[in-house]
Amino acid sequence: MKQLILCLFFLTSLTGTAQDLQLNDLEYFERQGVNVLVFSNSFNGGFNDEKNSGIEIIHHGVRTVQGGAIRLNNTPEQWDLVPKMTSRKVDKQNQSVEVALRYDDYDFDSRVVVTAKGKAVEIAVYLDKPVPTALVGEAGFNIEFLPSQYWQKTYLMDGRLNRFPRYAASQTVTRPNSEKPRQFKGFKTYDDRGTDRFVDPLPMETGHELVIATDAPERMIRISSEDAELKLYDGRMIAQNGWYVLRSILPANKTGKVFTWVVEPHAIPNWIREPNIGFSQVGYIPEQPKVAVIELDKNDKVRQTASLWRINNDGKTEKAYEGEITTWGPYYKYNYVKFDFSSVKQPGIYYIQYGDTKTNDFIIDKSVYDKITDATTDVWIPIHMNHMYVNEAYRVWHGEPFKEGYLQAPPSDHFDLHAQGQTTGTKYQPYELIPGLNIGGFFDAGDFDIETGSNINVVQNLIRTWELFKPQRDETFVSQQQRYVDLHRPDGTPDILQFIEHGTLNLVAQAEQIGHMASTLSNSVLDNYHHLGDAASITDGLHYDRSLKPYEVSSDGKRSGTPDDMWAFTTRNPRLDLRAATMFAAASRALEGYNDDLAQRALKQSKRLMEEGNQLLKKQKRVDTQAEEDFNWLGGFDAGSMTTNLQLYIATGEKKYIEDFNKQIWKALDTRLPFNIQTALDAVPYMDDAYKQKLRPYIEQYNKYIKDFDQQNPYGLPIGLGNWAGVNMVLNFGITINYAHLYYPDIVSKDEIYRVANWLYGCHPYHNYSFVAAVGAARPKAVFYGNNRADFSFIPGNVAPGLLFRHPDHFENFDDWPFLWGQNEGTIAGNTQYVIFGSSFKNLVTKTKSH
Ligand SMILES: [Ca+2]
Ligand SMILES: [Ca+2]
Ligand SMILES: [Ca+2]
């Protein structure tokens, strides 16, 4: 035995040179188990630090290190300044990547050169001019480590033993605000409580050699510097989404190479990633196609077969099926094979085995999809009702938020992509209270503003679900009078009608009070925008009075000098008005007989905004008719305009709307079929047979479009590569397939409708967890970017954006770290879109309803 170990030892050390880090064709450093990326992903201006950029390490398949760059803070937060990458040079000959970084705000340039040195990389920092005086002692080279992958693991600094803390509890100091580097657009992420001082973390350790995770070979990294002091911080001291940060301060008055780090990520010899067996965690109905997609390390050999095991009622297991593995091939970083077990139809509990890898169990039964939307409609949606107190059994999700209402926004180049123009465009003065807006509406996503566009989508999605399926489900008590919501308490009214009413109440109030739609009702100050906790505690509930000092309360207790009131951003956008007009027309129809007063108000606003919006658009842009027509089907709001005409026809029965729709739809289909086919399908129930016939060839074309995805990727659907993972696109795809099959079952076969359900519920890259925090799945994701993200938790029924693509070849979805919104945030528009997908899918699967 001892001899064998010795042999293995020699074998690994001899092959060592072949295992050195090498720059590959995708321009990152690679050895088996280790990828070092140098600005394959650069910092994005919109939201500043997203923890997705700079020098990154993907360590045995997990992106555990990022943020390697010159930074101006010990532990940078989102909205701290990020460097702009002004050049990136890849030198294959010398095995190095050089990036030039710049801070425009400080006219400060630097260069970072990363060079492969055996199993390590050397990171050298160069300055052509000394650090600007304002940044001396502040600017440094930082790199960040993912807390959830390192906490409770050991580390050594110059040989001193330590353990990474599970929760932030190191030390801080306060310093004068004048010493704080400028933040995004001059905003402040913190409320200094009148002290004029900011909080700065102190290092947990300092030294010249850091070895982290000596107790976990897959996470172990050695970092040393002879010419700079290494300081280790815990970024969570000032922001829950902070990482562990290692940094060295740039020396003053020095140019040239100012210091060097050596970073050596440990690699487990001959490491091969465990196969990821993608399958539906919700399970399968007996007659549907059942194909697991298995994601394999490119160094893994492909097995001939996989097997399906059944767990019998006595708890014993037996092999139910063994079938051949077919190869799909490489897609980005991994190799993909498939295991088809469609022939197994017997209801039961099963698991898949591929080599030594066994999945958790799942169910085959005709009932598996019955509950897929319940958590979203019963729990997620009511929790996101704004301006209400929301209770669930013993737990209060939030009190009634924003009791003091909304102020007219002054001119502002704001955060979260919002802005208020030079004029208010309303009868209100800047900072004046706009009455009546603190009613109805839904929280945007992981934050608490009302995004008008999203709320319009929400009402439309809910109406669509209502009109098509009339779900009578009543699990929620809603009292607008008491401003009280109680989960799991029926009150005699279908919940979905109450949700439609709640969304409409806010949007109608906007139209009535402001005269047109606000772009958003949002936070006035950045320091409460990142609020985590009870929504009712974001503001103090008292009217802001500028004559009082900050934190001072008036003698009658009704006003305060704390500028925390939310703002209404009112710059007029006629396209948004038109979208609202469409939604109001549908809402008036849905609410008729339930809330007639609100239905009337919605219809009135629909007609007014339709007319005014169209006139404004004519004035603004389109002088000649041809340009207008082109704009209608080529521009971003093409579907909006067509949908508006369709909705207004459905609402009013007036022929002119359907004539306009007919003029637009065919050219729209010829131009951008995948984007416009859904609108064409939505019209089917309201059109004659000739329309349905004329649409047939387009559906045939769409069927081909669906099947083409089988060649594009192993999962057979559109996969997004943007900064926000692509679940919305996937849901749209699923909804459209459902309707295409519903109306044209002879063209789009039923087998196609399962593509999106498979993906959502676990058949996707990286891991096989369901993206829906839902009842029914054996292994749903457990951690989401909801407003309870600081608890590393989820809100039931949430749908994650899904797989975030990191350039050049990495997909990821963290389930131990909620704070990356691009992969873990659920939005109100997306989750109500999921309700349509789930409702239409269930309807097709169970066939309990017909059209
Ligand atoms: Ca928002
Ligand atoms: Ca109800
Ligand atoms: Ca207030």
Side-chain angles (χ1 to χ4, degrees), residues 46-47 78 191 374 377-379 381-382 384-386 388 390-391 400-407 414-419 431 433 438 441-455 457-458 462 466 471-480 482 484-502 518-531 535-546 548-554 557-567 569 594-595 724 785-787 821 825-830:
F47 291 93
Q78 195 178 354
D191 174 0
D374 294 353
T377 57
D378 298 357
V379 185
I381 293 175
H384 286 73
M385 292 169 87
N386 200 343
M388 303 292 262
V390 179
N391 183 69
E400 183 191 333
F402 315 127
K403 283 185 179 170
E404 66 268 68
Y406 295 80
L407 305 183
H414 217 61
F415 48 84
D416 199 15
L417 312 179
H418 300 310
Y431 303 104
L433 178 72
N438 55 338
F442 295 91
F443 298 140
D444 177 26
D447 43 13
F448 301 92
D449 51 331
I450 290 191
E451 295 276 1
T452 300
S454 302
N455 271 264
N457 286 340
V458 168
L462 294 169
W466 173 248
Q472 300 297 313
R473 195 170 175 89
D474 174 19
E475 284 296 323
T476 311
F477 172 94
V478 181
S479 169
Q480 290 293 341
Q482 295 174 24
Y484 192 93
V485 175
D486 198 10
L487 275 53
H488 318 301
R489 175 195 291 271
D491 63 359
T493 305
D495 299 337
I496 205 149
L497 270 183
Q498 291 169 311
F499 301 153
I500 292 168
E501 176 185 43
H502 194 71
S519 61
T520 182
L521 308 179
S522 190
N523 306 64
S524 57
V525 284
L526 186 55
D527 68 61
N528 69 18
Y529 171 68
H530 52 57
H531 179 89
S537 59
I538 296 173
T539 63
D540 60 9
L542 309 174
H543 291 291
Y544 174 46
D545 183 341
R546 296 215 283 170
L548 298 169
K549 292 196 200 79
Y551 318 105
E552 188 184 348
V553 177
S554 63
K558 289 181 176 161
R559 292 165 295 117
S560 86
T562 305
D564 62 5
D565 294 22
M566 303 283 275
W567 286 352
F569 291 79
Y594 167 59
N595 185 339
W724 178 278
Y785 186 103
N787 56 44
W821 45 261
E825 187 170 12
T827 66
I828 188 71

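Each ligand, and each atom within it, is numbered from 1 in the order the structure gives. Nothing fancy with the numbering, it's 1 onward along the sequence.
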If you check every N/O/S atom of Asp444, which is the one nearest the Ca ion (ligand 1)? OD2

Of all the N, O or S atoms in Asp565, which one sits nearest to the Ca ion (ligand 3)? OD1

Closest Asp564 atom to the Ca ion (ligand 3) [N, O or S only]: OD1

Residue among Asp540, Asp527, Leu542, Ile538 satisfying side chain to side chain contact (heavy atoms under 4.5 Å, CB included) with Asp564: Asp540

Just to the nearest 10 degrees, tell me the angle at the Ca ion (ligand 2) spanned by Asp474 OD1 and Thr493 O. 80°

What's the atom name of the N, O or S in Asp495 nearest to the Ca ion (ligand 2)? OD1

Report the angle formed at the Ca ion (ligand 3) by atom O of Leu542 and atom OE2 of Glu404, rounding to the nearest 10°. 90°

Using a cut-off of strictly less than 3.0 Å, determine whether Gly541 has an N/O/S atom near the Ca ion (ligand 3). no

How far does CE of Met566 sit from CG of Leu521, to the nearest 0.5 angstrom? 7.5 Å

Glu404 vs Thr539, side-chain hydrogen bond (donor to acceptor under 3.5 Å, both in side chains): CA-CA, chis, key distance, verdict: CA-CA 8 Å; Glu404 66 268 68; Thr539 63; 2.9 Å; yes

Which word best sums up how the rings of His414 and Trp567 line up, parallel for under 30°, tilted for 30 to 60°, or perpendicular for over 60°? tilted

Need one value: angle at the Ca ion (ligand 1), Asp447 atom OD2 versus Asp449 atom OD1, rounded to 10 degrees. 80°

Closer than 3.0 Å to the Ca ion (ligand 2), do we get an N, O or S atom from Glu475, backbone or side chain? no

Tell me whether the rings of His384 and Phe443 are parallel (<30°), tilted (30 to 60°) or perpendicular (>60°). perpendicular

Which is the closest N/O/S atom of Asp416 when seen from the Ca ion (ligand 1)? OD2

Roughly, to 10 degrees, what angle do Gln498 atom OE1 and Asp491 atom OD1 form around the Ca ion (ligand 2)? 100°

